[in-house]
Structures are given as C-alpha cells and as structure tokens.
Number of protein chains: 2
Amino acid sequence: MTPRITLEDVSKAAGVSKSTASLVVRGSSRIPESTAAKVRDAMDQLGYVYNRSAANLRQSRSMTIGLVVTEIINPYFAELAMAVDEITHDAGYTIFIGYSRDLADRQHEIIASMIERQVDGLLLLPAPDTDPQKLAKQVNAAGVPLALLARRFPGFDYVGSNNVKGATLLGEHLAALGCRSVAFLGGRSASSLTEREEGLRKSLEPNGCEVWSSDELRSPITPEGGSDAVSRLFDLGRLPDAIIAYNDIVAQGIYDEMRRRGLEPGRDIAVASFDDTRIAAGQVPPLTSVAGFPQQVGAKGAEMLMTRLADGNADIPTQLALIQPQLKIRSSTATWRTRT
Amino acid sequence: MTPRITLEDVSKAAGVSKSTASLVVRGSSRIPESTAAKVRDAMDQLGYVYNRSAANLRQSRSMTIGLVVTEIINPYFAELAMAVDEITHDAGYTIFIGYSRDLADRQHEIIASMIERQVDGLLLLPAPDTDPQKLAKQVNAAGVPLALLARRFPGFDYVGSNNVKGATLLGEHLAALGCRSVAFLGGRSASSLTEREEGLRKSLEPNGCEVWSSDELRSPITPEGGSDAVSRLFDLGRLPDAIIAYNDIVAQGIYDEMRRRGLEPGRDIAVASFDDTRIAAGQVPPLTSVAGFPQQVGAKGAEMLMTRLADGNADIPTQLALIQPQLKIRSSTATWRTRT
DNA sequence: CTGAAAGCGCTTACAG
DNA sequence: CTGAAAGCGCTTACAG
C-alpha cells in the first residue's frame with residue numbers, strides 16, 4: 001500500500017499552506033482562483049482522496065444519518081427506506097442502515113453502534129416491544145435527534161399514516177356492505193395496531209357491526225402469522241362476515257389458510273387489509289387495502305429530521321405529521337354479499 | 001447541550017491515565033479487574049459514549065462497509081441486502097447503504113462518498129452501464145477492497161448465480177415440452193443477461209428451438225419494461241412458443257401485456273423467468289422461474305469481503321463464487337401444450 | 001501494570 | 001489573502 005496522501009502533501013506540492021488547501025477542498029471563495037487551481041492540480045496529480053472522517057472529528061458532525069427498520073422484504077419498508085434515501089442523499093447525507101427484525105435488543109444495539117459512529121440523526125421504525133424510556137435515554141445521552149416512522153411513542157418526533165382515519169374509511173365501507181361482524185387479525189402491539197383497531201370500532205360498532213380483536217388474534221407480521229391467526233379465529237367457532245388483516249403480508253397467509261379450510265376469500269368472507277403494497281393488487285382476488293403511502297412517510301420523516309439538523313436541534317417542540325390514507329376497494333370486499 | 005464527555009474526563013474521574021481508560025474500553029486483559037471496574041463506574045456515572053470515529057482516525061479502519069444496490073423494491077435485491085447485513089452485523093460492521101437506481105453516475109457518486117467516509121470495504125451490485133476501468137481506478141486509488149454481486153466485470157471479486165447453468169435447466173425443460181421458438185425479453189446489458197442468453201442458446205438451439213434475443217427486446221427491469229418488450233416482440237409479427245423474462249419483475253409486465261392482447265400466459269404461450277422471488281409463485285398462473293438464491297449471493301459476498309479485510313487485503317488473487325440455481329417448474333410452463 | 005507524549009487528518013481561530 | 005499553531009477524541013509506542 002502506498003502511504004495515504006494527506007492535505008499536507010497536497011499543500012506542499014502546491015506550495016501553499018495546509019489551511020489554504022483545506023479552504024480549497026471545501027470550495028471557499030476566499031481563495032483566489034489562481035491559487036485554487038494550483039491546489040486542485042496537485043490533488044489530481046497525487047490522487048488525493050478527502051478524509052471526511054478526519055474532518056468530522058474536528059467539526060463534530062458526520063453528514064451521516066442512521067435508518068433503522070424492521071426489514072425490507074416487506075415492500076412497505078422497502079419503499080419507505082428508498083424515500084428516506086432520496087431525500088437525505090440530496091441533502092448530502094450518507095445513510096447507515098440497520099435491520100432490527102423487530103427485536104428491541106437488536107434495535108438498541110444497532111442504535112448504539114450508529115451513535116458510536118457519530119450519526120447526526122436517527123430515523124427509526126421502532127420494534128413493537130421498544131422501551132420508550134430506554135430509547136429516549138439512549139439518544140438523549142448522545143444528543144442525537146431522532147424521528148419515529150410508522151409507529152409512534154409519545155414524546156418523539158413522528159411521521160406515520162393516519163391509521164384511525166384509514167381504518168374508519170375501511171370500516172364504513174364494510175358497514176355499507178352489510179357486515180355484521182369483523183375480525184381484526186395479526187400484528188403486534190404498536191401504535192399502528194391500536195390506531196387501526198380504534199378506527200374500526202369507531203366506524204363499525206355504531207353501525208351494529210361487532211369488531212373481534214383480542215390478544216389471541218395477534219401474530220407476527222408474516223404470512224405464517226396470518227395463517228395462524230385465522231386458525232385461532234376459526235377455532236373459536238364463529239365465522240365473521242369480514243376479516244381485516246393488520247397488513248398485506250398477514251393477509252397473504254389469511255388467503256392461504258382460508259382456502260385450506262375450503263373458504264373462498266371475497267366470497268365466503270370478505271377480506272381487507274392495510275398498506276396497499278403491490279402485494280394487494282396482485283392477489284387473487286385482488287385485495288381491498290388501505291394505502292399508507294410509505295414513500296410519503298419516509299420522505300416526510302427525512303425532511304423532519306433534516307429540519308432539526310439544520311436548526312441545530314434547537315428548542316423545536318415535538319413534531320408530528322400524519323399522512324392521509326386512501327381506501328383502495330377491490331373485489332375481496334366489493335364482490336362479497338351478505339348471506340340471506 | 002452539555003459538553004461531550006471524553007475518555008480524558010473518564011480517566012480523571014477514575015483516577016487513572018487516558019491510556020488505561022482506553023485499554024479498558026476495548027476490554028484489554030492487561031488491566032487488572034480492580035482498575036477496570038473503577039473506570040467502568042466512571043463511564044456510567046458520566047454517561048460516556050465511545051467515539052468510534054475518533055478511534056478510527058487513529059487506527060485507520062472504520063468497521064464500516066458500503067453496500068450499493070440498484071434499489072430494494074425488487075425482493076431479489078432486498079433479500080440480498082438483508083443477507084449482507086446478517087453477516088456483516090455479526091462481524092461487528094455497520095453498513096452504509098446506497099441505491100444506484102442503476103445509474104452509473106449516481107453509483108460512482110455514492111461510492112465516492114462512502115470512500116470519503118473511510119469504508120473498510122465495498123459490496124456492489126453494479127449498474128449495467130458501469131465503466132469497469134473507472135470503477136477499478138476509483139477503488140484502487142483509495143485502496144478499498146470491493147466485491148461485485150450478481151453482475152460481474154473481469155478483474156473483480158465476484159459472487160453471483162450460475163446463470164448459464166440456470167438458463168440451461170430452463171432451456172432443457174422448454175425443449176422437453178416441445179417448444180420450437182423462445183423469445184428472451186427484458187433486462188439491460190450485464191453479465192447476468194449475457195450468461196442467461198448463453199445458457200438458453202446452449203440448451204435450446206441444439207434441440208431445434210430458435211432463441212430470439214435482440215437489442216430491441218431489452219428493457220428496464222420493471223413491469224412496464226416487460227410490457228413494452230412484449231409489444232415490440234408482437235410487432236415483429238411472429239409469436240413464439242415461449243417467452244422467457246429476464247426476471248420476475250419483467251414477467252409481471254409480460255403477463256399483463258399478453259392479456260391486454262387476448263393471450264393467456266401458460267396456455268397460449270408458455271412463460272418463465274429468473275430469480276424466483278416471492279412474486280413468481282404468487283402469479284396467476286404460478287410462474288416457472290429459476291431460483292437465484294439472493295440470500296446466498298449476499299451472504300457469500302459478505303464473507304468474501306470479510307476474508308479480504310481479515311487478510312489485510314493481501315495478495316489474494318481475484319475470488320469468484322457461483323451459487324447453484326434451481327429450476328422451479330410451475331404451471332406457466334407445465335400446462336402449456338404444443339399446438340398441433 | 002500505568003503514564004506522558006506524539007500522532008491519525010482534518011478545521012478553526014488568530015496573526016500578519 | 002495566507003500561514004503557524006492548537007485541537008477534535010481517540011490509540012500507540014515507549015518509558016518507567
């Protein structure tokens with residue numbers, strides 16, 4: 001390995017001081033073009049590569065942010081991550097990514113390692129069993145601004161879908177179809193779950209439609225989780241008019257398990273879900289789903305964080321933003337008819 | 001903001017020297033437990049957070065690697081990225097992610113910013129129009145080891161699917177079905193494309209089956225790209241017995257466009273593709289696809305890079321690894337019957 | 001086993 | 001407009 005070329009080498013070759021060379025690298029206008037050109041030539045000659053980490057140490061900012069999500073096989077998370085990248089990339093940030101796999105311990109470990117690496121800010125889609133106190137302590141101790149995405153805890157900046165609204169739209173749709181009972185399946189305790197349930201109850205119960213949603217109907221956010229939840233539901237002995245999945249991934253398992261038991265989704269039981277990832281429209285029958293617009297969540301969250309970073313994380317109060325959902329009605333509910 | 005707590009503060013509080021404190025942070029056994037305990041107490045008291053970037057500057061390694069992929073909406077890329085994370089996380093690395101969107105310029109910009117941030121190594125799924133010389137120059141100047149994933153250029157470490165083999169399996173299957181003509185659609189010039197085409201020709205042409213694959217049948221790796229490619233194919237006036245898509249994403253568009261033109265995939269024309277992401281099995285009819293095992297590609301690529309990093313990037317010759325593919329036969333080809 | 005000093009590659013006041 | 005010096009927070013020889 002050739003020894004590393006430093007700014008000192010460049011400045012010597014160009015016949016100027018280190019400070020002058022430093023100013024040139026950063027494009028300062030205080031340096032006359034003639035001097036700057038000499039420095040740039042020297043950089044090219046020597047094959048200089050800027051060591052931003054060294055600069056960071058001095059400036060105490062890294063132009064780096066951390067993004068922690070559950071995983072990215074779920075297209076909802078993938079689109080959200082890409083949107084974050086889009087915004088932060090344009091702002092000159094490079095992003096550290098970590099996948100918590102919805103394990104709070106792994107999540108904290110990831111955050112710790114990002115903090116050690118001096119991230120300027122953090123965007124987190126929190127694991128359901130996150131301890132908010134612990135999280136607050138961890139980021140506050142380091143003075144790193146944090147915005148939560150998609151799932152919220154009080155006291156943190158947050159951008160997510162307006163789940164109550166989305167669930168209300170869905171509930172009204174099902175009530176209009178004449179549903180008398182709805183089972184809400186899958187997901188783990190998180191604000192998104194609570195909010196969706198709230199919207200469903202609010203829109204269905206006043207219309208005389210029962211909402212079944214108990215702890216035993218929760219599940220991991222996987223197709224298998226959905227299948228298992230349906231099984232537990234059917235083992236209770238009663239079939240609802242409609243099944244609402246926590247999201248599209250869970251719904252896939254619900255379709256599968258229903259068919260294994262000889263029930264056709266959309267005909268025997270209406271089925272709907274949340275997120276409206278590309279999975280939903282691709283199902284057979286196409287799945288009614290509440291679009292959550294992860295691109296908007298990610299983009300808005302990134303902007304919110306950028307704002308805090310720009311303001312030196314001053315006394316901006318906690319920021320909240322809700323993205324408006326949209327109900328996509330497809331045949332998994334539209335073709336269902338109440339049994340007479 | 002409270003002023004940052006440094007190792008110096010800790011050492012003073014613990015009544016030892018900075019070097020001793022440093023040794024304790026890194027768990028050196030040279031420090032007696034009694035001293036170490038005092039230091040650790042001081043760290044807790046003061047709320048010390050390790051500044052790994054400062055350490056990096058001194059040690060000239062960052063325990064950071066860069067991963068650059070096209071995007072992650074395609075589950076193939078998502079699974080690959082997660083597999084890389086799995087391996088590198090366990091080895092103590094944190095990963096910078098960048099999405100090239102298959103734009104060579106953006107790719108180089110991303111790599112440059114990662115290099116400035118002192119990544120120890122780079123994993124790249126290269127954009128099709130990458131200039132290999134330029135890439136080599138960029139990473140060699142910085143002395144950063146690089147492994148290519150899924151698409152190769154000569155002279156770089158590489159892990160990818162054995163595309164020739166996979167395409168051969170698929171070609172043999174189609175030949176056995178009695179196909180007399182096959183159109184290969186979608187994708188952009190890349191080793192993966194060339195290799196797939198090679199395998200198809202090798203297995204089909206000797207069996208009297210034509211392979212149509214020209215520049216005008218290429219397309220972006222999107223459903224729209226697939227639709228457009230089918231349109232261009234049909235505009236040529238002849239229908240093949242089978243259409244092979246560059247991958248599952250392209251195949252989605254092929255299904256759509258065929259139906260728009262009144263042709264049923266799997267009945268009127270057999271359809272198959274590559275990658276076998278969860279998209280394939282979820283299609284109607286289920287899509288025959290050559291599984292490329294992105295988890296294995298990602299994991300093996302990460303291991304390869306870790307090896308180079310462990311060996312101080314010594315004179316290990318270029319490393320190559322091919323992952324064995326597997327043909328998943330589904331009804332999009334299995335139910336097709338030659339017209340008599 | 002522990003401490004004082006130098007140095008990683010930059011930037012930042014401060015002089016001139 | 002440009003230079004010499006100090007410092008960001010660590011680690012690394014080197015003494016003792």
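Chain letters run A, B, ... following the sequence lines, proteins first and then strands; every chain starts at 1.
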For this session: Check every atom of C:dG9, D:dA13, D:dG9 against the side chain of B:N51 and return the nucleotide holding the closest atom.
Result: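 For B:N51, the side-chain atoms sit closest to D:dG9.
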
Exercise. B:Y50 side chain: which of D:dC10, D:dA5, D:dT12 is closest?
Worked result: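 Nearest nucleotide to the side chain: D:dC10.
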
For this session: Using side-chain hydrogen bond (donor to acceptor under 3.5 Å, both in side chains) as the criterion, list what pairs up with B:E33, not counting sequence neighbours.
Result: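 For B:E33 the side-chain hydrogen bond (donor to acceptor under 3.5 Å, both in side chains) partners, ignoring immediate neighbours, are B:R40.
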
Seminar exercise, completed: DNA chain D in dot-bracket form (Watson-Crick or G-U pairs under 3.5 Å, [ ] crossing, | inter-strand) is |||.||||||||.|||

Problem set entry | Sequence neighbours excluded - salt bridge (Lys or Arg N to Asp or Glu O under 4.0 Å) pairs with any residue from residues 91-106 of chain A |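 Applying salt bridge (Lys or Arg N to Asp or Glu O under 4.0 Å) to every pair that reaches into residues 91-106 of chain A, excluding sequence neighbours, yields A:R101-B:D85, A:R101-B:E86, A:D102-A:R151, A:R106-B:D85, A:R106-B:E86.
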
Salt bridge (Lys or Arg N to Asp or Glu O under 4.0 Å) partners of [X], counting only residues at least two apart:
{"X": "A:R188", "answer": "none"}
{"X": "A:K12", "answer": "A:E8"}
{"X": "A:E116", "answer": "B:R52"}

In whole angstroms, how far is the [atom2] atom of [N] from the [atom1] atom of [X]?
{"X": "A:R117", "N": "D:dC10", "atom1": "CZ", "atom2": "C1'", "value": "15 Å"}
{"X": "B:N56", "N": "D:dT12", "atom1": "CG", "atom2": "P", "value": "11 Å"}
{"X": "A:L7", "N": "C:dT12", "atom1": "CG", "atom2": "C1'", "value": "14 Å"}

For this session: Compare side-chain N and O positions of A:S17 against OP1 and OP2 of D:dA4 and report whether any pair is under 4.0 Å apart.
Result: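 Negative; the distance criterion is not met.
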
Exercise. Would you say a side-chain N or O of B:T20 is under 4.0 Å from OP1 or OP2 of C:dT2?
Worked result: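 The answer is no; no side-chain N or O of B:T20 sits under 4.0 Å from OP1 or OP2.
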
Exercise. Restricting to pairs with a member in residues 85-130 of chain A, which pass ring-ring contact (aromatic ring centres under 6.0 Å, His included), not counting sequence neighbours?
Worked result: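 Pairs touching residues 85-130 of chain A that pass the test: A:F96-B:F96.
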
For this session: Taking side chain to side chain contact (heavy atoms under 4.5 Å, CB included) as the test, write out the residues that go with B:D41, two or more places apart.
Result: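 Not a single residue meets the side chain to side chain contact (heavy atoms under 4.5 Å, CB included) criterion with B:D41.
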
Problem set entry | Expected output: side-chain B:D157 to main-chain B:Q319 donor-acceptor under 3.5 Å |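 Yes.
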
For this session: Would you indicate what A:T35 reaches in the nucleic acid, counting non-hydrogen atoms under 4.0 angstrom: base, sugar-phosphate, or nothing?
Result: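 A:T35: backbone/sugar contact only, no base atoms under 4.0 Å.
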
For this session: Classify the nucleic acid contact of B:V16 as base, sugar-phosphate or nothing, counting any heavy atom under 4.0 Å across all strands shown.
Result: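 Sugar-phosphate contact only.
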
Enumerate all atom pairs, one protein N or O and one N or O from nucleotides 6-8 of chain D, separated by less than 3.5 Å.
unit_1	atom_1	unit_2	atom_2	d
D:dC8	O2	A:R58	N	3.3

